[in-house]
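As the structure is a computational prediction, the values presented were derived from the model and not from experiment.
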Amino acid sequence: MCGITGWASFRPPTDHDAPARASVIEAMTATLTPRGPDAGGVWLGEHAAIGHRRLAVIDRTGGVQPMTDRAESPALVLSYSGEVYNHHRLRSELCSRGHDFRTRSDTEVVLRAYAEWGEDVADHLEGMFALAVWDTRAERLLLVRDRLGVKPLYWAAVDGGLAFASEPKALFAHPEIRPRVDADGLREAYSLLFNTGPTVWSGVREVEPGGLLVLDRSGIRERRYWQLEARPHGDGRDKTVERFGELVGRAARGQLEADVPLCSLLSGGIDSTVLTALLADELRLCEGPSARIRSYAVDYSDQAAEFTGDVLRTGHDTPFATEAGAFIGTDHSTVVLDPRALLDPEHRRAVVVARDSPIGVGDMDTSLYLLFGEIRRHSTVALSGEAADEVFGGYPWFHSPKALAARTFPWLLVTGDEAAMPLNPGLDLRIGEFRDDTYRDSLAAVPHLDDETPTEHRQREMQYLSLTRWLRQLLHRKDRLSMAQGLEVRVPYCDHQLVEYAFSTPWELKSFDGREKSLLRAVGAGLAPESVLYRPKNHYPATHHPDYNRGLQNMARDALADETVRSLADETLVKPCLDTAPDQLQWGHRLRLERVVDLALWLEHHQPELAL
């Protein structure tokens, strides 16, 4: 896992450009040091500059980047982030086609694959990745992002070309790109629709998941090389369960390779428990019956005494995670956080800096950041159960008649985010209209089969919106907060073959036992305790301590003392949250306060130009 950045420009260089260009690419690369704490490097050519920060995971000595196809006068320069899980098979195929390899890294496989297939390289890669290849022969820059968008990749126009980076902060180190926010950016951020492409930053865009971008002298060209398709499903229940077992097992086993310590995130839910069990079995098969995988859960010191159920949580995770770890036979640890530590301004500032965005989920972001920091003390790679709810139909909106009948994005109803937007109405962002228009356009993009029943039709819409939008912000959160701690997090449930099969599986099979995630429960039979298999969906835990609520209210009051914050925030929405007794503060109201605090920290750090 790494950070990539650089630019390509066909503006004619001058003799005085080289020192300044070198300084710029070094500054851009330096902003990504947390993503790649092990090493860094830059390459500078006549029309391109490429930077890289490395977190060494596979072939720690051989995978140095930027990587070139040859030492002298290279034709190809690669900067690549992520993991390609089929690199062994690709290496064999490329060797049979006459390619020679200097290293055993997956990075060189990607480089040689581009030499063989050009921009069609994307079709051959399986995994999570963002990559940039500068082809000096064709004077062409290729940017590619993985199918589900696990790894981020941003770009912005510069004179004569474009600049790219794993995070916007690297783009802002380029003298032609400034942190500027307009009404469109605030609308994108605070509408919570998670569009692909536009960002909160004016002029900064994302390469779409499953997409690529080509820059050459004829201009910029973008296209999708992968997207979800609706396909007929001819398998019965038994065959479907068997096929899901194969796909989930294949994804888990394929993501265990690492030359550094590896662990699993074990929350005590069905998603992480089934995954951890498969990983543990594979580890014992490879290393012997005594091998034990490390597993981690997070808790708060007040949780056992203070836990209060809400729309996202039905119970305390820790007992289930402990039981699951014992059942599987992991080396299990629970990272217990003091709720008051979540108020530490330095922790919260680090999270906002990592996100490059004012939008987050407050204490849950801070606690995840701290959890990843503790895990990084012992492991460099962690595997997560993220995306199982999207793949197997686990969210409440798949099962709520109200959500199914609503003509809007379902998470806005279930999570209460519709009422949690503390923006000043005087900004006239017309977010409601924007949401309605975006929702209609989103449904128009959903692929369907001609013979779908109304139920199947609606559930396919729900899954498409979940996989292409809701999952996007979860992966963004996981990537930014883990990489800020130098930790690589892998997500086997994002395996594109698993996602493709799930998207074409009828809803009646996904819910054959009358509840959520029927197929994953069937796959997990014998891999997890019964208490975990039949446990209701539980979201990432949040603290319930009144001291945290009280501290949050004080931080929000301090934030509102800033004139710019007051100009952007809706004080009429925030004031009731400030006046509520700390032990009576509801989750949705607390979220308003979290966003005011994060808005203030974001403005303080990024100092964006506001063009409103």
Worksheet entry | R253 and D281 ion-paired at < 4.0 Å | no
From the list M483, R35, H476, side-chain contact (heavy atoms from CB on, under 4.5 Å) with P152 holds only for R35
Practice task
Using distance alone, with no hydrogens and no angle criterion, decide if T31 and E167 have a side-chain donor and acceptor under 3.5 Å apart.
Solution key: no
Legend entry - V109 and V84: CA distance, side-chain angles, deciding distance, side chain to side chain contact (heavy atoms under 4.5 Å, CB included) verdict: CA-CA 9 Å; V109 172; V84 169; 5.6 Å; no
*Is D356 salt-bridged to K169, cutoff N-O under 4.0 Å?*
yes
Worksheet item: Is it the case that more than 12 heavy atoms not belonging to D123 sit under 6.0 Å from its CG atom?
Response: yes
Practice problem: Decide yes or no for Y493 and D389: does some side-chain heavy atom of the first lie under 4.5 Å from some side-chain heavy atom of the second? | Solution: no
So does R112 pair up with E116, basic N to acidic O under 4.0 Å?
no
Open item on the list: If the threshold is 4.0 Å, N to carboxylate O, is there a salt bridge linking E108 and R91?
Closed with: no
Self-check item: Non-hydrogen side-chain atoms of V133 and L131 separated by less than 4.5 Å
Solution: yes
Checklist entry - Do D513 and R521 touch side chain to side chain, with heavy atoms closer than 4.5 Å? => result yes
Tell me if the centroids of the rings in F244 and Y501 come within less than 6.0 Å of each other. yes
**Study point:** Row check, F503 ring normal vs R460 NZ/CZ: under 6.0 Å, within 45°
**Key:** yes
Assess the pair W117 and H99: is the distance between their ring centroids shorter than 6.0 Å? no
R477 to Y540, cation-pi by 6.0 Å centre distance and 45° axis angle | yes
- Message: I'd like to know whether the aromatic ring centres of W411 and Y395 sit less than 6.0 Å apart in this structure.
- Response: no
Quiz item: Within 45° of the ring axis of F320 and under 6.0 Å from its six-membered ring centre, is that where the NZ or CZ of R535 lies?
Solution: yes
### Query
So I4 and S81, side chain to side chain contact (heavy atoms under 4.5 Å, CB included) or not? Walk me through it.
CA-CA 7 Å; I4 70 173; S81 168; 4.0 Å; yes
What I'd like to find out is whether the side chain of R147 reaches to under 4.5 Å of the side chain of Q227, using heavy atoms alone.
no
- Side-chain contact, heavy-atom cut-off 4.5 Å: E500 with E229? no
By salt bridge (Lys or Arg N to Asp or Glu O under 4.0 Å), D120 pairs with (sequence neighbours left out) R223
- Message: Tell me if the CZ atom of R70 is crowded by more than 12 foreign heavy atoms within 6.0 Å.
- Response: yes
- Query: Does the pair D495/R490 count as a salt bridge with the N-to-O cut at 4.0 Å?
  - Reply: no
